[in-house]
There are 2 protein chains.
Amino acid sequence: MTFGDHIREVREQRRRESTAFSVRQVAQRIEVEPAYLSKIERNLVPPPSERTIRRLAEELHEDPDVLLAMAGKVSLDLQEIIRRRPRRFAELLRQLREAPDPALSRLVREVRDGDW
Amino acid sequence: MTFGDHIREVREQRRRESTAFSVRQVAQRIEVEPAYLSKIERNLVPPPSERTIRRLAEELHEDPDVLLAMAGKVSLDLQEIIRRRPRRFAELLRQLREAPDPALSRLVREVRDGDW
DNA sequence: TGTCATGTGTACTACATAGTACACACTTGT
DNA sequence: ACAAGTGTGTACTATGTAGTACACATGACA
């Protein structure tokens, strides 16, 4: 599923409950032209900038990192973290590339809880 | 120190030993115009593309991830790893943002050795 | 002394990114 | 019936990215 398809689906879903989620109204709140949002949802243009994706995420209660990933992007703050210590983070990420999801999940939890 | 400064320094250093490291010769081997490499080294243009940075890294025996970081970029293969599981990797990286370097280093080692 | 390589200044270009602006046809509530 | 809101087609634009092409002055060296 493309970025545009997903946005359209989520927006329409919100719309069933609230009427305030027309293309025009959402576009106005995230400060882009309605025609542009329409094109995004129909995949007539590439996904928008990180800034616009973040506003969309907030408006639709979606995870910004997931939306960015669907758009083929990585959050600038994550890039910044990597850039500060490129060797260590590059090695860590490449080691974890093929890690099964439960293992990765456990690692995240352990790091969070300080058990390491 | 900027990307350009660093490249100039490393290239000149290699040159003291080998004569094959003039701007022109290196430029030819990495397949860019000499004038362009010259401008890169003097910071007259922004750092080049990932592709060109990788060729420079190989030519000068430098770590590509470090050069990319100096250029304000993150390797596309690392971005790809994050994009495949954005939630987990986003959380992991943000948790490790402030981790002291020895701790990070230990974690990398532990993951590498499978002690986890 | 001529030639050869060197570094660099200037001008230009192709393509991508991230949108805006406006008009139009259709539907819908009153 | 009509005003208001809706989604969208078309045309255009500004800025960034990633370079190329060529000419020129300088220095080395045989």
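Source: prediction; values computed, not measured. Order of the sequence lines fixes the chain letters, A, B, ..., with proteins taken first and strands second; residue numbering starts at 1 for each chain.
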To the nearest 10 degrees, what angle separates the axes at the start and end of the helix from C:dT1-D:dA30 to C:dT30-D:dA1, five pairs each?
0°
Where along residues 10-23 of chain A does a heavy atom come under 4.0 Å from DNA chain C, residue by residue in number order?
none
Residues in contact with DNA chain D, drawn from residues 57-75 of chain B - heavy-atom cutoff 4.0 Å
B:K73
Between B:R51 and D:dT17, does any side-chain N or O lie under 4.0 Å from OP1 or OP2?
no
Just to confirm, is there a sub-4.0 Å distance from OP1 or OP2 of C:dG19 to any side-chain nitrogen or oxygen of A:S49?
yes
Measure the shortest side-chain to side-chain distance between B:I7 and B:L67 over non-hydrogen atoms and say whether it is less than 4.5 angstrom.
yes
Answer whether the closest heavy-atom distance between the side chains of A:P46 and A:F3 falls below 4.5 Å.
no
Closest to side chain of [X], choosing from [options]:
X	options	answer
A:K39	D:dG19, D:dT8, C:dT20	C:dT20
B:Y36	C:dG19, D:dT8, D:dG19	D:dG19
A:Q25	D:dT6, C:dT20, C:dT8	D:dT6
B:V32	C:dT8, D:dT20, D:dT8	D:dT20

Using only heavy-atom distances, determine whether the side chains of A:S49 and A:R54 contain a donor-acceptor pair under 3.5 Å.
no
Donor-acceptor contact present, side-chain [X] to main-chain [Y], <3.5 Å:
X	Y	value
A:Q79	A:V74	yes
B:E50	B:L76	yes
A:R84	A:E80	no
B:R14	B:L60	yes
A:R11	A:E41	no
B:R42	B:S38	yes
A:E59	A:R29	no
B:K73	A:R83	no

Would you mind classifying the nucleic acid contact of B:P46 as base, sugar-phosphate or nothing, using non-hydrogen atoms under 4.0 angstrom?
nothing
Test of understanding: with side-chain hydrogen bond (donor to acceptor under 3.5 Å, both in side chains), list the residues that count as partners of A:E31, not counting sequence neighbours.
A:R55
Tell me the interatomic distance from [X], atom [atom1], to [N], atom [atom2], rounded to whole angstroms.
X	N	atom1	atom2	value
B:L56	D:dA18	CG	P	14 Å
B:I40	C:dT8	CD1	P	12 Å
A:L44	D:dA11	CG	P	15 Å
B:L37	D:dG19	CG	C1'	13 Å
B:E41	C:dT8	CD	C1'	12 Å
A:R55	C:dA18	CZ	C1'	13 Å
B:N43	C:dG7	CG	C1'	16 Å
B:I30	D:dA18	CD1	P	14 Å

Output, in order, the C-alpha distance, side-chain angles, deciding distance and verdict of side-chain hydrogen bond (donor to acceptor under 3.5 Å, both in side chains) for A:Q13 and A:E9.
CA-CA 6 Å; A:Q13 194 181 314; A:E9 250 179 42; over 6 Å; no
Protein-proximity profile, nucleotides 22-30 of chain C, B/S/- by nucleotide at the 4.0 Å heavy-atom cutoff, equals B--------
Would you tabulate the side-chain donor-acceptor contacts of residues 17-27 of chain B under 3.5 Å, counting partners in other chains and residues two or more places apart, or write 'none'?
residue: B:S18; atom: OG; partner: B:A20; partner atom: N; Å: 3.2
residue: B:S22; atom: OG; partner: B:Q25; partner atom: N; Å: 3.1
residue: B:Q25; atom: NE2; partner: B:T19; partner atom: O; Å: 3.4

Distance, nearest 0.5 Å, that separates CZ of B:R51 from CD1 of B:I30
10.5 Å
